[in-house]
Amino acid sequence: AYDADSQSAITTTSPASWTHTPVGTPTLVLVWVHVYEDTNPTIGTVTYGGQTMTFVASALGTNSDVHLYQLASPPAGAQTVSIPWTGGTGVRIVGSAETFTGSDTTTPLGTAVTGTGTDNAPTVTVSGATGDVIADGGTYNASAGRSATPGAGQTGQWAVDDGGAFAMYFGSTEDGAASVVMSWTTTNA
């Protein structure tokens, strides 16, 4: 089950760091690293409560990227999330943490997939099962006046507008099924 989410402030200096407070006792934490950049930074060791997280996947775009990390059986209670990086130019990062309860602690995630579709209508089809929770996260760069609206059946968990001429960062969850389509309607992407 989905537990809670939190986001860092938008930062231009390493590390992005904040406190995530679960509601229940988490069995899985996901951390999304949303990046706006002129040239790519190198993401260092992402930690949750001082424990090293496992890299899952990245989706790299033009000036905007998203990276996903996981930690099964994370420590209970409020924990510090840290996302260090080096290099890159024009780097702006937002981190998003999500905790879940009742997950498999040996293999909590299925196969990560990267979205397709157009800039203004990104979509991804995910294999799952009843009882699963499907989670997605994305980033896009755009001019001011941008927005991100999750598709039918999805629960938007966060949408952070970086302001100015930078980026939008977003994520959602949806109940699992054999095949789940996660989609977004974005503005000015």
Side-chain angles (χ1 to χ4, degrees), residues 2-12 16 18 20 29-43 46 55-70 81 83 85 88-100 109-128 132-189:
Y2 183 81
D3 176 65
D5 70 272
S6 64
Q7 291 74 48
S8 72
I10 297 162
T11 183
T12 58
W18 75 102
H20 176 77
V29 62
L30 299 179
V31 169
W32 303 86
V33 181
H34 304 274
V35 182
Y36 173 88
E37 36 67 22
D38 296 323
T39 60
N40 286 318
T42 299
I43 305 298
V46 177
F55 172 77
V56 176
S58 291
L60 307 177
T62 304
N63 300 108
S64 57
D65 309 320
V66 64
H67 310 278
L68 176 61
Y69 294 81
Q70 71 166 336
V81 185
I83 304 167
W85 78 88
T89 58
V91 176
R92 300 172 69 80
I93 287 185
V94 170
S96 299
E98 293 179 292
T99 43
F100 299 83
L109 292 183
T111 302
V113 292
T114 302
T116 59
T118 65
D119 289 343
N120 287 313
T123 184
V124 63
T125 301
V126 180
S127 297
D132 287 353
V133 176
I134 309 298
D136 73 348
T139 303
Y140 75 90
N141 58 304
S143 59
R146 65 197 144 241
S147 64
T149 305
Q154 292 165 240
T155 300
Q157 302 298 353
W158 71 88
V160 178
D161 186 340
D162 197 350
F166 298 110
M168 187 80 185
Y169 316 98
F170 53 89
S172 72
T173 57
E174 185 169 350
D175 290 339
S179 181
V180 175
V181 176
M182 305 292 280
S183 63
W184 288 80
T185 301
T186 60
T187 304
N188 292 336

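Count residues from 1 along the sequence.
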Greater than 12 external heavy atoms within 6.0 Å of Asp175's CG:
no
Smallest separation among heavy atoms of [X] and [Y], with atom names:
X      : Y      : value
Gly95  : Ile83  : CA-CD1, 3.7 Å
Tyr169 : Val35  : CE2-N, 4.4 Å
Trp85  : Pro41  : CD1-CB, 3.5 Å
Ser183 : Gln154 : N-OE1, 2.8 Å
Glu98  : Ala135 : OE1-CB, 3.9 Å
Val31  : Ala97  : CG2-CB, 4.2 Å

Any donor-acceptor N/O pair, [X] side chain to [Y] backbone, under 3.5 Å:
X      : Y      : value
Tyr140 : Thr187 : yes
His34  : Gly138 : yes
Thr39  : Thr89  : yes
Asp132 : Gly128 : no
Asp161 : Met168 : no
Thr123 : Met182 : yes

Test log, rule side-chain hydrogen bond (donor to acceptor under 3.5 Å, both in side chains), inputs Gln157 and Thr173:
CA-CA 7 Å; Gln157 302 298 353; Thr173 57; 2.8 Å; yes
By side chain to side chain donor-acceptor pair (under 3.5 Å) - contacts of [X] (at least two apart):
X      : value
Glu37  : none
Thr12  : none
Ser64  : Asn141
Glu174 : none

Between Tyr2 and Phe100, how do the two ring planes meet: parallel, tilted or perpendicular, split at 30° and 60°?
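The rings of Tyr2 and Phe100 stand perpendicular, inter-plane angle above 60°.
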Could you walk me through whether Leu60 and His67 satisfy the side-chain contact (heavy atoms from CB on, under 4.5 Å) test, starting with their C-alpha distance in whole Å, then the side-chain angles of each, then the deciding distance to 0.1 Å, before giving a yes or no?
CA-CA 8 Å; Leu60 307 177; His67 310 278; 3.7 Å; yes
Results of side-chain contact (heavy atoms from CB on, under 4.5 Å) for [X] - residues two or more places apart only:
X      : result
Ser127 : none
Leu109 : Leu28, Leu30, Val56, Gln70
Thr99  : Asp3, Ala4, His20, Pro22, Pro26, Val29, Tyr48
Ser8   : Ala16, Trp18, Val94

Do the side chains of [Y] and [X] get nearer than 4.5 Å, heavy atoms only?
X      : Y      : answer
Asn63  : Asp38  : yes
Thr125 : Val113 : no
Asp65  : Thr139 : no
Val66  : Trp32  : yes
Asp136 : Ser172 : yes

ring-ring contact (aromatic ring centres under 6.0 Å, His included) against Tyr69, all qualifying residues, sequence neighbours excluded:
Phe55
